[in-house]
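A short worksheet on the structure shown next.
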Amino acid sequence: MNLSPNHIGANGLSGSQKDTIRLLIADDHLVAREGIVYLLSGSPGVEVVGEANNGREAISMIENLKPDILVCDISMPDFSGIELLKKLEDSGQNVKVLILSMHKDPEYIMKSFEYGALGYLPKNADEGELIKAIETIHSGDRYLTQEVSNVLAQSMLASKSTVKYNLTSREKEIINNLVKGLSNKQIAAELFISIRTVDTHRTNIMKKLKVKNVASLVKLALNENLCD
């Protein structure tokens with residue numbers, strides 16, 4: 001995946017030289033859908049052909065309306081945006097997907113691209129950026145903001161470091177909480193495990209990282225991007 005921000009090789013639209021881009025908007029919040037429609041109302045090269053209230057509606061409308069691009073939220077009833085991407089991939093529907101979400105969690109962003117999304121925008125994106133993302137995706141290129149690019153880069157670095165030190169997912173959780181300054185008792189309560197289990201994990205982590213105390217562990221975790 002190319003992590004450069006914005007777009008790569010996008011041609012954009014130039015009046016009548018390109019056909020109108022047909023959009024389907026999927027978001028369970030009416031105000032959010034209306035806001036997107038309003039932002040796009042001044043763009044003659046874009047037409048909103050439908051609005052879906054949830055993932056199930058989106059699947060049906062994609063089959064019937066054949067939009068060029070689906071602008072989709074992550075959190076929706078019936079199917080989440082991630083589940084919707086999976087179903088579209090499985091069904092072979094020829095629609096490009098732009099995720100428009102308030103979520104900035106690396107896992108959501110990584111999974112969105114893994115299951116076929118071509119772009120990921122925060123919901124506070126302005127009209128210009130939204131139009132640019134739509135044009136870029138319509139041309140077949142990916143669209144990433146600088147913020148999303150940074151999140152992906154950090155997540156990939158963290159993943160490589162986790163593999164490097166052979167850390168388990170539970171050990172990663174322990175490290176995250178140690179970096180936050182939580183005690184063994186607090187971590188046990190946070191993860192619903194015993195204090196003895198936390199202590200065992202911490203001992204194993206220190207052996208893997210070859211450190212002798214928590215301060216050194218935290219320092220190494222930060223330097224090696226072992227924490228989220």
Side-chain angles (χ1 to χ4, degrees), residues 1-6 8 55 72-76 79-90 97-124 142-228:
M1 183 186 300
N2 193 316
L3 297 182
S4 59
N6 295 332
I8 307 152
C72 178
D73 191 12
I74 289 286
S75 300
M76 293 189 296
F79 307 142
S80 70
I82 302 297
E83 291 171 322
L84 180 54
L85 281 166
K86 289 182 186 177
K87 291 183 181 296
L88 290 174
E89 184 178 50
D90 292 340
V97 181
L98 169 64
I99 297 294
L100 190 64
S101 176
M102 62 181 289
H103 294 292
K104 298 178 182 178
D105 189 303
E107 184 176 357
Y108 284 122
I109 297 173
M110 292 289 287
K111 284 190 178 297
S112 294
F113 285 107
E114 180 182 347
Y115 291 118
L118 285 180
Y120 197 108
L121 273 183
K123 275 195 171 180
N124 61 357
R142 288 190 178 91
Y143 188 94
L144 297 86
T145 64
Q146 184 65 61
E147 182 178 16
V148 169
S149 294
N150 290 341
V151 169
L152 287 174
Q154 288 298 317
S155 180
M156 288 178 178
L157 286 172
S159 178
K160 288 179 180 178
S161 295
T162 298
V163 172
K164 174 182 175 182
Y165 290 104
N166 194 29
L167 296 169
T168 66
S169 57
R170 177 62 85 188
E171 288 170 344
K172 183 80 179 297
E173 288 179 318
I174 300 290
I175 290 173
N176 284 334
N177 284 294
L178 288 172
V179 170
K180 292 176 185 177
L182 300 187
S183 65
N184 282 11
K185 183 178 180 180
Q186 290 171 318
I187 295 172
E190 180 77 16
L191 301 180
F192 302 102
I193 57 180
S194 70
I195 297 175
R196 179 176 293 180
T197 299
V198 174
D199 188 58
T200 298
H201 281 305
R202 194 176 77 170
T203 299
N204 290 336
I205 292 167
M206 291 173 70
K207 287 180 180 178
K208 288 182 178 183
L209 301 186
K210 298 180 180 179
V211 295
K212 295 182 178 180
N213 53 57
V214 174
S216 297
L217 186 158
V218 170
K219 182 178 179 181
L220 181 61
L222 292 171
N223 289 338
E224 292 285 308
N225 294 294
L226 295 176
C227 50
D228 296 330

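Quick note: numbers below take in every heavy atom, side chains included, and nothing from hydrogens, waters or symmetry partners. Note that the structure is predicted; figures quoted are calculated from it, not measured.
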For the atom pair [atom1] ([X]) and [atom2] ([Y]), what is the distance rounded to the nearest 0.5 Å?
X      : Y      : atom1 : atom2 : answer
Ile205 : Ile174 : CD1   : CD1   : 6.0 Å
Arg202 : Leu178 : CZ    : CG    : 6.5 Å
Lys86  : Glu114 : NZ    : CD    : 8.5 Å
His201 : Ile193 : NE2   : CD1   : 5.0 Å
Asn177 : Lys172 : CG    : NZ    : 12.0 Å

Please identify each residue that fulfils side-chain contact (heavy atoms from CB on, under 4.5 Å) with [X], with sequence neighbours left out.
X      : answer
Asn213 : Ala215, Ser216
Met102 : none
Ser169 : none
Lys123 : Asp27, Ala32, Asp73, Leu100

Partners meeting ring pair (Phe, Tyr, Trp, His ring centres under 6.0 Å) with Tyr108 (sequence neighbours left out):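 In terms of ring pair (Phe, Tyr, Trp, His ring centres under 6.0 Å), with neighbours along the sequence ignored, Tyr108 is linked to His103.
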Between [Y] and [X], is there a side-chain heavy-atom distance shorter than 4.5 Å?
X      : Y      : answer
Ser112 : Ile74  : yes
Tyr115 : Val97  : no
Val179 : Leu226 : no

Measure across Cys72 and Met76 and return the closest heavy-atom pair with its distance rounded to 0.1 Å.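 Residues Cys72 and Met76, closest heavy atoms: SG-CE, 3.6 Å.
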Please find the pair of heavy atoms, one from Leu98 and one from Tyr120, that lie closest to each other, and give the distance.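 That would be CD1-N, 3.9 Å.
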With Glu89, which residues qualify under side-chain hydrogen bond (donor to acceptor under 3.5 Å, both in side chains), at least two apart?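 By the side-chain hydrogen bond (donor to acceptor under 3.5 Å, both in side chains) rule, Glu89 matches no residue at all.
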By side-chain hydrogen bond (donor to acceptor under 3.5 Å, both in side chains), which residues pair with Thr200, not counting sequence neighbours?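 Here no residue qualifies.
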Going by salt bridge (charged side-chain N to carboxylate O under 4.0 Å, His left out), name the pairs with one or both residues in residues 173-198, residues two or more places apart or in two chains.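 Residue pairs passing salt bridge (charged side-chain N to carboxylate O under 4.0 Å, His left out), neighbours aside: Arg170-Glu173.
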Working note: Ile99 + Leu85, criterion side chain to side chain contact (heavy atoms under 4.5 Å, CB included); need CA distance, chi angles, decisive distance, verdict. CA-CA 10 Å; Ile99 297 294; Leu85 281 166; 4.1 Å; yes
Please determine whether side chain to side chain contact (heavy atoms under 4.5 Å, CB included) holds for the pair Leu209 and Tyr165, giving the CA-CA distance in whole Å, both sets of side-chain angles, and the decisive distance to 0.1 Å. CA-CA 7 Å; Leu209 301 186; Tyr165 290 104; 3.6 Å; yes
Tell me, please, which residues at least two apart from Lys208 pass salt bridge (Lys or Arg N to Asp or Glu O under 4.0 Å).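 Salt bridge (Lys or Arg N to Asp or Glu O under 4.0 Å) list for Lys208, sorted by chain: Glu171.
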